[in-house]
Amino acid sequence: GAFETILVSTAGRVGTIQLDRPKALNALNAQTMDEVVSAAQKFDADPNIGAIVLLGSERAFAAGADIKEMSQQDFATMYAADWFAGWDALTRLRTPIVASVRGFALGGGCELAMMADVLIASETATFGQPEITLGVIPGMGGSQRLTRAVGKAKAMDLILTGRRIDADEAERIGLVSRVVPDADADDTARSVAAEIAAKSKPVAQMAKEAVNAAFETTLHQGIQFERRVFHALFSTQDQTEGMDAFVSKRDPQWSHC
Ligand code: HXC
């Protein structure tokens, strides 16, 4: 496709989306939202893609929603456009998304990172929800996803002060899963994605759905959901193959169905 604010590529079973507005530190405007969502939806529908990698640049994963684009808006326009609602489509995709965060992940940048399933941070990454310093609050899910990710104490601290945290603190509080040297971050995300993509796609999707159910249901309903999905997997070729391969001491050959 003819994208202007992102770069899209594929390598094996991994699809990559790289934010590409270097002059604006990858600030997320409406066009970027449309392009990221559209590229990701295409990967999600492709049976040959098993995982999606989301990258920024060395200086910034994304320095936020585009403040210049937002500064002139009023309530009526924001409400009529349901500003930011388009991002919800990204979180409805079933293909696992691995993000590499280098440099700034602030405001909408931090919120976009939190839409990914696995977060790899570079040692240079800084995270924050500085919206309060602009007279607004997080608008791309930050007040909800950050609170679910790290709990009330840290979420209130970050959202009420707008302070930034470094990669080590982000890992300590559970916002990211790994911290690696800057030069390795994108490659780590690519190899994590390749590892996921080498698994059965429907099984990986169901695993993602099951984990996400933890955020939407009671414990009892979530466990019920998990167990039913587990049972359902016994109707797939990949369950038969995976267990047969183990018993016969060979590598499984996934049919992805
Ligand atoms: C638009 C942005 C931007 C943003 C940076 N730029 N962040 N443009 N929207 N969010 C632009 C700058 O205007 C500048 O362009 C260029 O990128 C380089 O930025 P500098 O500020 O010159 O770089 P530096 O001094 O290194 O500072 C980096 C920074 C700072 C600390 C990340 O840019 C910054 O504080 N940015 C805003 C961070 C933020 O508040 N994000 C949250 C946004 S609100 P020019 O052309 O001027 O040189 C949000 C929530 C939305 O995301 C929900 C509420 C509605």
Side-chain angles (χ1 to χ4, degrees), residues 3-7 17-37 40 54-91 97 99-116 119-150 154-170 173 175-176 179 182 185-186:
F3 295 123
E4 291 172 347
T5 69
I6 60 171
L7 302 169
I17 299 172
Q18 180 155 25
L19 302 170
D20 187 33
R21 293 188 72 207
K23 287 186 192 128
L25 301 183
N26 290 335
L28 306 165
N29 60 16
Q31 183 181 359
T32 311
M33 176 180 79
D34 290 344
E35 293 186 356
V36 169
V37 167
L54 187 55
L55 306 175
S57 69
E58 181 178 0
R59 214 168 142 220
F61 177 74
D66 192 317
I67 300 169
K68 290 168 189 168
E69 184 184 55
M70 283 186 298
S71 63
Q72 303 305 316
Q73 306 292 336
D74 60 14
F75 170 79
T77 353
M78 285 283 190
Y79 183 80
D82 202 3
W83 205 266
F84 294 143
W87 286 111
D88 292 350
L90 190 66
T91 67
I97 302 175
S100 164
V101 178
R102 308 166 67 200
F104 300 112
L106 301 177
C110 185
E111 294 169 292
L112 175 58
M114 289 190 289
M115 292 180 206
L119 275 76
I120 308 297
S122 140
E123 285 166 353
T124 66
T126 58
F127 298 83
Q129 297 289 163
E131 288 88 348
I132 199 158
T133 66
L134 299 165
V136 290
I137 70 166
M140 282 169 56
S143 64
Q144 306 304 300
R145 284 198 185 91
L146 186 64
T147 308
R148 282 166 160 79
V150 305
K154 284 289 182 180
M156 283 291 190
D157 176 352
L158 296 179
I159 290 169
L160 291 175
T161 67
R163 80 177 170 96
R164 293 186 213 156
I165 60 172
D166 64 16
D168 285 336
E169 184 169 359
I173 68 179
L175 181 57
V176 305
V179 179
D182 187 61
D186 288 1

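Each ligand, and each atom within it, is numbered from 1 in the order the structure gives.
Close contacts of ligand 1 with Leu106, meaning ligand atoms under 4.0 Å from a residue heavy atom, involve 32 (C), 38 (C). Here is the list of ligand 1 atoms found below 4.0 Å of a heavy atom in Gly107: 42 (C), 52 (O). Shown in contact with Gly108 at under 4.0 Å from a heavy atom are these atoms of ligand 1, numbered in order with element: 49 (C), 50 (C), 52 (O). Each of the atoms 23 (O), 24 (P), 26 (O) of ligand 1 lies under 4.0 Å from some heavy atom of Arg59. The atoms of ligand 1 that sit less than 4.0 Å from any heavy atom of Ile137 are 53 (C), 54 (C). Shown in contact with Leu134 at under 4.0 Å from a heavy atom are these atoms of ligand 1, numbered in order with element: 40 (O), 43 (C), 44 (S). Short contacts between ligand 1 and Met70, defined as distances under 4.0 Å to a heavy atom of the residue, involve ligand atoms 55 (C). Taking every non-hydrogen atom of Gly139 and a distance limit under 4.0 Å, the qualifying atoms of ligand 1 come out as 53 (C).
Distances from atom 6 (N) of ligand 1 to the protein include at least one heavy-atom value under 4.0 Å. Distance remark: protein heavy atom present below 4.0 angstrom from atom 52 (O) of ligand 1. In this structure, atom 27 (O) of ligand 1 is not in close contact with the protein, since no protein heavy atom lies within 4.0 Å of it. Protein non-hydrogen atoms do not reach within 4.0 Å of atom 34 (C) of ligand 1. In this structure, atom 38 (C) of ligand 1 is in close contact with the protein, since a protein heavy atom lies within 4.0 Å of it. Atom 21 (O) of ligand 1 is never approached by the protein to below 4.0 angstrom, counting heavy atoms only. For atom 41 (N) of ligand 1, the nearest protein heavy atom lies under 4.0 Å away. There is a protein heavy atom closer than 4.0 angstrom to atom 9 (N) of ligand 1.
For the pair Arg163 and Glu169, the salt-bridge criterion is met [side-chain N within less than 4.0 Å of a carboxylate O].
Residue contacts with ligand 1 include Lys23, since one or more of its heavy atoms lies under 4.0 Å from the ligand.
Ile17 is not listed as a side-chain neighbour of Phe3, based on a closest heavy-atom distance of 4.5 Å or more. Arg21 places a side-chain heavy atom less than 4.5 Å from the side chain of Asn29. In this structure, the side chains of Leu54 and Leu112 come closer than 4.5 Å at one or more pairs of heavy atoms. Looking only at side-chain heavy atoms (C-beta outward), Leu134 and Ile67 come within less than 4.5 Å of each other. With a 4.5 Å cut-off on side-chain heavy atoms, Ile165 and Lys154 do not count as touching. In this structure the side chain of Met70 reaches within 4.5 angstrom of the side chain of Trp83, judged on heavy atoms. Counting heavy atoms from C-beta outward, Leu106 and Arg164 have side chains that approach closer than 4.5 Å.
At a heavy-atom distance under 4.0 Å, no atom of Glu69 approaches ligand 1. Under 4.0 angstrom from ligand 1, the non-hydrogen atoms of Ala65 come from both its backbone and its side chain.
Rounded to the nearest 0.5 angstrom, Asp182 CG and Arg102 CZ are separated by 4.0 Å.
Taking any N or O of Arg164, backbone or side chain, none lies under 3.5 Å from an N or O belonging to ligand 1. The distance criterion of under 3.5 Å between nitrogen or oxygen atoms is not met by Met140 with respect to ligand 1. Among the atoms of Phe84, none of the N or O lies under 3.5 angstrom from an N or O of ligand 1. Distances between N or O atoms of Ala63 and those of ligand 1 include at least one value under 3.5 Å. Here's the thing with Lys68: one of its N/O atoms is less than 3.5 angstrom from an N/O atom of ligand 1. Considering both main-chain and side-chain atoms, Val136 never comes within under 3.5 Å of ligand 1 through any nitrogen or oxygen pair.
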Does the side chain to side chain contact (heavy atoms under 4.5 Å, CB included) test come out yes or no for Phe127 and Met114, once each step is laid out?
-> CA-CA 11 Å; Phe127 298 83; Met114 289 190 289; over 6 Å; no
Run the numbers on Leu146 and Leu158 for side chain to side chain contact (heavy atoms under 4.5 Å, CB included), then give the verdict.
-> CA-CA 9 Å; Leu146 186 64; Leu158 296 179; 4.0 Å; yes
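Looking at Gln31 and Thr5, their side chains never bring a donor and an acceptor atom within 3.5 Å of each other. Under 3.5 Å, the side chains of Asp74 and Thr77 contain a donor-acceptor pair of N or O atoms.
Under a 3.5 Å cut-off, the side chain of Asn26 and the backbone N or O of Ala60 do form a donor-acceptor pair. Using a distance-only test at 3.5 Å, with no hydrogens or angles considered, a donor-acceptor pair links the side chain of Glu111 to the main chain of Gly108. A distance-only check finds a donor-acceptor pair linking the side chain of Gln18 to the backbone of Gly56 [under 3.5 Å].
Looking only at protein heavy atoms, the nearest one to atom 30 (C) of ligand 1 is Leu25 CD1, 4.7 Å. Shortest contact from atom 50 (C) of ligand 1 to any protein heavy atom: Glu131 OE2, 2.9 Å.
Of the candidates Ala105, Ala24, Gly142, Ser71, it is Ala24 that places a heavy atom closest to atom 2 (C) of ligand 1.
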